[in-house]
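Just follow the structure's listing: the first ligand is 1, and inside any ligand the first atom is 1. None of the values given here were measured: they were computed from a predicted structure.
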Amino acid sequence: MLFPTFSTAVMAFAAFTSTVDALPPRPGTTTLSNLAKKMPTNTLPAPTGLELKYVLLGVGTQNYTCLTNNATAAPDTTGATAKLYDLGTRLNSDPLAQWKIPAISGLALSLSAFGTWQLDMYLMAEGYNQWLGNHFFTLKVPTFSLYKTKSTPHPLAMVSKQADQDAPKTACQGTKGEGAVKWLYLVDQSVPELSQGGVNTVYRLETAGGNKPATCQGQKQYFEVPYAAQYWVYGPKA
Ligand SMILES: *[C@@H]1O[C@H](CO)[C@@H](O)[C@H](O)[C@H]1NC(C)=O
Ligand SMILES: *[C@@H]1O[C@H](CO)[C@@H](O)[C@H](O)[C@H]1NC(C)=O
């Protein structure tokens with residue numbers, strides 16, 4: 001009987017983390033100035049003049065379609081959906097942040113492949129378990145809604161891709177070796193801005209998995225590839 005053991009462990013973690021959770025400040029209320037210096041090295045345009053507001057772990061799926069009934073065609077990218085967890089509050093004061101950052105996405109993705117409680121246990125143990133909102137697409141616009149934060153208006157970024165780069169060769173290739181999706185630089189270019197709550201620029205970094213297969217051979221019309229990534233969210237200085 002494994003189940004009682006598991007639930008006891010989960011309850012022990014929950015009891016442990018509920019006391020720890022009282023300590024860190026609310027997400028979005030402190031500057032992430034320590035963490036800003038540890039942004040993963042990339043070739044994307046720099047966040048010049050902006051302030052780091054959130055560092056989020058996204059765990060979910062990249063969605064693709066193969067609607068043309070053509071086995072040699074490449075799948076179309078239709079969107080993504082992910083839950084967004086607060087990494088920034090904890091990592092900002094973690095002396096080991098720089099060593100943890102490259103490992104978190106791959107670890108989260110591999111744990112989520114087993115089921116939600118394995119991922120939840122890890123998030124609780126590290127203090128990353130505050131679920132702040134969701135990533136999804138509004139029509140075709142990549143959207144990050146932090147509707148679970150206490151700030152008003154809720155931080156909302158509605159952005160479009162301005163630049164990308166391949167994920168590093170060392171990136172986690174996904175639960176079935178699909179490959180890691182690209183790193184992205186996403187900015188709200190709408191006039192007036194659609195974003196609100198002090199955020200307008202998002203970097204997708206430290207990606208794990210999520211890539212589409214080269215062709216539609218053997219794929220369903222609608223399919224999903226699990227992924228995890230870090231979203232480094234910036235906005236104008238407060
Ligand atoms: C199938 O896709 C390939 C690759 O995009 C293309 O070259 C080919 O013309 C397509 N075939 C049909 C029947 O549309
Ligand atoms: C992606 O797939 C999920 C699960 O089927 C679905 O809920 C979501 O609406 C899809 N999102 C997009 C943008 O296609």
**Student:** Only distances under 3.5 Å count here; give the side-chain donor-acceptor pairs of residues 103-112 to other protein atoms, sequence neighbours excluded, each with its distance to 0.1 Å.
**Tutor:**
| from | atom 1 | to | atom 2 | distance (Å) |
| --- | --- | --- | --- | --- |
| S105 | OG | E206 | O | 2.6 |
| S110 | OG | G106 | O | 3.1 |
| S110 | OG | L107 | O | 2.9 |
| S112 | OG | A108 | O | 3.3 |
| S112 | OG | L109 | O | 2.8 |

**Student:** Distance under 4.0 Å, heavy atoms only, partner ligand 1: which residues pass?
**Tutor:** N70, T72, A73
**Student:** Describe, in one word, how the ring planes of Y203 and Y185 are oriented to each other, choosing from parallel (under 30°), tilted (30 to 60°) and perpendicular (over 60°).
**Tutor:** tilted
**Student:** Return yes if some donor-acceptor pair links the side-chain N/O of N92 with the main-chain N/O of N34 below 3.5 Å, else return no.
**Tutor:**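 At least one qualifying donor-acceptor pair exists.
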**Student:** With under 30° as parallel and over 60° as perpendicular, where do the rings of Y147 and W131 fit, or are they tilted in between?
**Tutor:**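 Geometry flag for W131 against Y147: perpendicular rings.
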**Student:** Report all side-chain donor-acceptor pairs from residues 168-181 shorter than 3.5 Å, counting only partners two or more places apart or in another chain.
**Tutor:**
| from | atom 1 | to | atom 2 | distance (Å) |
| --- | --- | --- | --- | --- |
| Q173 | NE2 | A171 | O | 2.8 |
| E178 | OE1 | T175 | N | 3.4 |
| E178 | OE1 | K176 | N | 3.0 |

**Student:** Considering only residues two or more places apart or on different chains, which pairs with a residue in residues 51-160 satisfy disulfide bond (SG atoms under 2.5 Å apart)?
**Tutor:**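 Checked against disulfide bond (SG atoms under 2.5 Å apart) - neighbours excluded - the pairs reaching residues 51-160 are C66-C216.
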